[in-house]
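Below: one structure, written as structure tokens.
In what follows, every chain begins at residue 1, and chains take the letters A, B, ... in the order their sequences are listed. The analysis underlying the following values was restricted to heavy atoms, covering all of them including side chains, and did not include hydrogens, waters or symmetry mates.
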Amino acid sequence: MRIPIQSVTPEIGHAEVCGFVHEVRDLGGLAFFLIRDRTGILQVTIPKKKVSEAVIAAAKAVSRESVVRISGQIKAVEKAPGGRELIPETFEIISLAETPLPLDVSEKVSVELDTRLDGRFLDVRRPRVAAVFAIRSAAMHALNDYFHREGFISITTPKIVAAATEGGTELFPIAYFDKEAYLNQSPQLFKQMMMAAGLEKVYEIGPIFRAEEHNTTKHLNEATSIDIEVSYADHTEVMRILEDVLVKTYEYVDKTCSDHLANMDITDFAVPKGPFPRLPYCEAIEIAAKKIDEPIKFGDDIGSAAERAIGAEMGGHYFIVDWPSGIRPYYAMPYENDPTICKAFDLMHPRMELSSGAQRVHNHDQLVQQIAKKGLNPESFDFYLRPFRYGMPPHAGWGLGADRLIMTMLGLPNVREAVLFPRDMHRLVP
RNA sequence: GCCCAGGUAGUGUAGUGGCCUAUCAUGAUUGCCUGUCACGCAAUCGACUCGGAUUCGAAUUCCGACCUGGGCGCCA
């Protein structure tokens, strides 16, 4: 019966472990094998005079990163890693690894990201990389848990859609029988429809697709989005939910992932403190204008240089609120007293944008006007507009980039490191 | 899409016209070694992205292609 390596202690006497051959040190009459599974590393010590011929033959034939099953006595040894070692009675090679390996799992030499992604299955064998995905899993658990506790209904919306209803970003066209279809850029319109369906609080964690030809460390063509929509809420209420769920997610990672954080050499993991500052767009561009050369005026988008300058000034997570209506989508609700600005917000990490949201326009005629004002044709928004004609509660929501959340949480230099199989302009395999 | 920097053994690199039969580390193969823990020692193996040009001579210069990294733009 195989046991995880972290459970191997001198007290258990005898153990069978399975895992990868991490390293081999053959001293002649004595050889040391380090066996690694998800839970840790165990030293297997082979005194060649005291073990069977079969064990010696297997030990000689095995290569690094092969999969093995080894059983034997566990001894307490001061000098061994973890204070214990296994003396094998059986040594079975389950799956022999080819040599040489496409990348160095033991991290003696560095590897470029491109090489790592080409051999992702080997890359993830490295504890510091596996830690990223264990932490990502914990973060996703915390998010799901939060939404369930707060009474959100988990929904799943189609990723194959008929038309480019939102405008803005480029979409991926796909062949859908004899029709033209696209991969969806966002669950936006569907989660709003669920407000008309009366579900009141919904969330979805799922893939989104953007066909932009960007080439940066923070953009992917397939990303994971955490989306919520809440009826009878305004932008301030969903901002409160956003900072709350973000803090709770950090807290959960802090509480449950200390081993993984240690594997990544993260010693200063900090849970952000809410509430986050609400910085009006007007003040944000003033800060940017003082710090960067490029002129920036009301109605301009905030570019990456400005984003970094403001981030440095703020020092932690913050919201940019009260955006010009002109640079937000048609469904963002303008302020009644000043329609040049709207009830939209971005949640920012000092490095980059994490989330956008807004109170939405829920009045059908106002929405038609706003669509037309953006130069779009309301007739092509029929399926989206229809729910607004039969009773639509006021509502607000946001979308949070899961990959960027993990990237900024763990200080990863490239968003690709937070995604198992990233999809960018150049990478479609594996 | 624009700009910049690159492409050298399995991996990561050094090498800016002849000193390159190409450096170092790691790795792989073989041998020696009973307490290693990046074990040590010895031998061996293994590379200049592709095509064209300049030159007596190109890893090195030039042109083109392909690929990679980064910045910018774009990004409901």
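Using a 4.0 Å heavy-atom cutoff across all strands shown, A:K374 reaches no nucleic acid atom at all. Using a 4.0 Å heavy-atom criterion, one finds that A:R308 contacts the sugar-phosphate atoms exclusively. Heavy atoms of A:S304 sit under 4.0 angstrom from primed sugar atoms or phosphate atoms, though from no base atom. As judged by a 4.0 angstrom heavy-atom cut-off over every strand, A:E85 is placed among the base-contacting residues. The residue A:A305 sits apart from the nucleic acid: no heavy atom pair falls under 4.0 Å. Among the protein residues, A:K49 comes within range of the nucleic acid bases, having at least one heavy atom under 4.0 Å from a base atom. At a threshold of 4.0 angstrom between heavy atoms, the contacts of A:P102 are confined to the sugar-phosphate backbone, with no base atom among them. Residue A:D301 is out of contact with every strand shown, counting any heavy-atom pair closer than 4.0 Å.
Every pair passing salt bridge (charged side-chain N to carboxylate O under 4.0 Å, His left out) that includes a residue from residues 382-410 of chain A is listed here, sequence neighbours excluded: A:R136-A:D403. Sorted by first and then second residue, the salt bridge (charged side-chain N to carboxylate O under 4.0 Å, His left out) pairs with a member in residues 179-207 of chain A read A:K159-A:E204, A:K191-A:D227, A:K191-A:E229; sequence neighbours excluded. Residue pairs meeting the salt bridge (charged side-chain N to carboxylate O under 4.0 Å, His left out) criterion with at least one partner in residues 91-105 of chain A, sequence neighbours excluded, are A:R64-A:D104, A:R69-A:E92.
No side-chain donor from either of A:H219 and A:E212 sits under 3.5 Å from a side-chain acceptor of the other. With no hydrogens or angles considered, a side-chain donor-acceptor pair links A:T45 and A:E85 at under 3.5 Å.
Atom CG of A:D118 is separated from atom P of B:G69 by 10 Å (rounded to the nearest Å). One atom, CZ of A:R126, and another, C1' of B:A38, lie 15 Å apart when rounded to the nearest Å. Rounded to whole angstrom, the span from the CD atom of A:E213 across to the C1' atom of B:C3 amounts to 16 Å. Atom-to-atom, CZ of A:F33 to P of B:G35 comes out at 17 Å; the value is rounded to the nearest Å. Per the geometry, CE belonging to A:M425 stands 11 Å off P belonging to B:G69, to the nearest Å. Rounding to whole angstrom units, CZ of residue A:F345 and C1' of B:A76 are separated by 14 Å. Following rounding to the nearest Å, A:I208 (CD1) and B:C75 (P) show an atom-to-atom distance of 15 Å. Across the protein-nucleic acid pair, A:E78 atom CD and B:C37 atom P stand 17 Å apart, rounded to whole Å.
The partner of B:G31, taking Watson-Crick or G-U wobble pairs whose two distances both stay under 3.5 Å, is B:C41. For B:G69, the paired base is B:C4 (Watson-Crick or G-U wobble, both distances below 3.5 Å). Across all strands shown, B:G17 forms no Watson-Crick or G-U wobble pair with both key distances under 3.5 Å. Pair assignment for B:C74: none, as no Watson-Crick or G-U wobble contacts are both less than 3.5 Å. B:G10: Watson-Crick or G-U partner is B:U26, with both key distances under 3.5 Å.
Side-chain contact between A:M195 and A:S231: present, with at least one pair of heavy atoms (C-beta onward) separated by less than 4.5 Å.
The main-chain N or O of A:P339 is found under 3.5 Å from a side-chain atom of A:S325 such that the two form a donor-acceptor pair. Checking side-chain atoms of A:S63 against main-chain N and O of A:A97 turns up a donor-acceptor pair under 3.5 Å. A donor-acceptor distance shorter than 3.5 angstrom exists from the side chain of A:R84 to the backbone of A:V8, with no hydrogens or angles considered.
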Atom pairs and distances, side-chain donor-acceptor, residues 71-80 of chain A, under 3.5 Å, sequence neighbours left out:
| from | atom 1 | to | atom 2 | distance (Å) |
| --- | --- | --- | --- | --- |
| A:S71 | OG | A:T90 | OG1 | 2.7 |

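Phosphate proximity of B:G35 to A:T45: absent, as no side-chain N or O sits under 4.0 Å from OP1 or OP2. In this structure, A:N414 reaches the B:G70 phosphate: one of its side-chain N or O atoms is under 4.0 Å from OP1 or OP2. An OP1 or OP2 oxygen of B:G70 is reached within less than 4.0 angstrom by no side-chain nitrogen or oxygen of A:T217. For the OP1/OP2 pair of B:C37 and a distance below 4.0 Å, the side-chain nitrogens and oxygens of A:K108 include no atom meeting the criterion. For the OP1/OP2 pair of B:U68 and a distance below 4.0 Å, the side-chain nitrogens and oxygens of A:R116 include no atom meeting the criterion. The phosphate of B:A28 has OP1 or OP2 within less than 4.0 Å of a side-chain N or O from A:R64.
Across B:C3 and B:G73, the matching C1' atoms stand 10 Å from one another, rounded to whole Å. Spacing of C1' atoms, B:U23 relative to B:C48, comes out at 13 Å, to the nearest Å. As rounded to the nearest Å, B:G10 and B:A47 have C1' atoms that lie 11 Å from one another. B:A59 and B:C41 have their C1' atoms separated by 33 Å, given to the nearest Å. Comparing the same atom, C1', in B:A9 and in B:U49 gives a spacing of 14 Å after rounding to whole Å. Only the C1' atoms considered, B:U55 is 35 Å distant from B:A25, to the nearest whole Å. Distance check on atom C1': B:A65 versus B:C72 gives 25 Å, rounded to whole Å. As rounded to the nearest Å, B:C24 and B:A42 have P atoms that lie 13 Å from one another.
A ring-centre distance under 6.0 Å is not found for A:F276 and A:Y318.
Comparing B:C37, B:C33, B:G10 by their nearest atom to the side chain of A:P81 picks out B:C37. Nearest nucleotide to the side chain of A:Q185, out of B:C75, B:G71, B:A76: B:A76. Checking B:G71, B:U68, B:G35 against every side-chain atom of A:D114, the shortest atom distance belongs to B:U68.
In the interface, the side chain of A:S186 is paired with the base of B:A76 through a donor and an acceptor atom under 3.5 Å apart. Between the side chain of A:H214 and the base of B:C75, no donor-acceptor pair of N or O atoms lies under 3.5 Å. Side-chain to base pairing of A:R210 with B:A76: one donor and one acceptor N or O lie within less than 3.5 Å of each other.
The residue among A:L101 and A:E23 whose nearest nucleotide of RNA chain B lies closer to the 5′ end is A:L101. Mapped onto RNA chain B by nearest heavy atom, A:V24 and A:G29 fall at different nucleotides, with A:G29 at the one closer to the 5' end.
Under a cutoff of 6.0 Å and an axis angle of 45°, A:K373 and A:Y330 do not form a cation-pi pair. Cation-pi check for A:R125 over A:F20 is met; the charged atom lies under 6.0 angstrom from the ring centroid and within 45 degrees of its normal.
A:D365 approaches A:N363 most closely through the heavy-atom pair N-OD1, 3.0 Å.
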Nucleotides 4-6 of chain B: which of its N/O atoms have a protein N/O under 3.5 Å away?
none

What pairs of nitrogen or oxygen atoms, one from the protein and one from nucleotides 12-14 of chain B, lie under 3.5 Å apart?
| from | atom 1 | to | atom 2 | distance (Å) |
| --- | --- | --- | --- | --- |
| B:G12 | OP1 | A:E112 | N | 3.2 |
| B:G12 | OP1 | A:T115 | OG1 | 2.8 |
| B:G12 | O4' | A:S110 | O | 3.0 |
| B:G12 | O2' | A:S110 | OG | 3.2 |

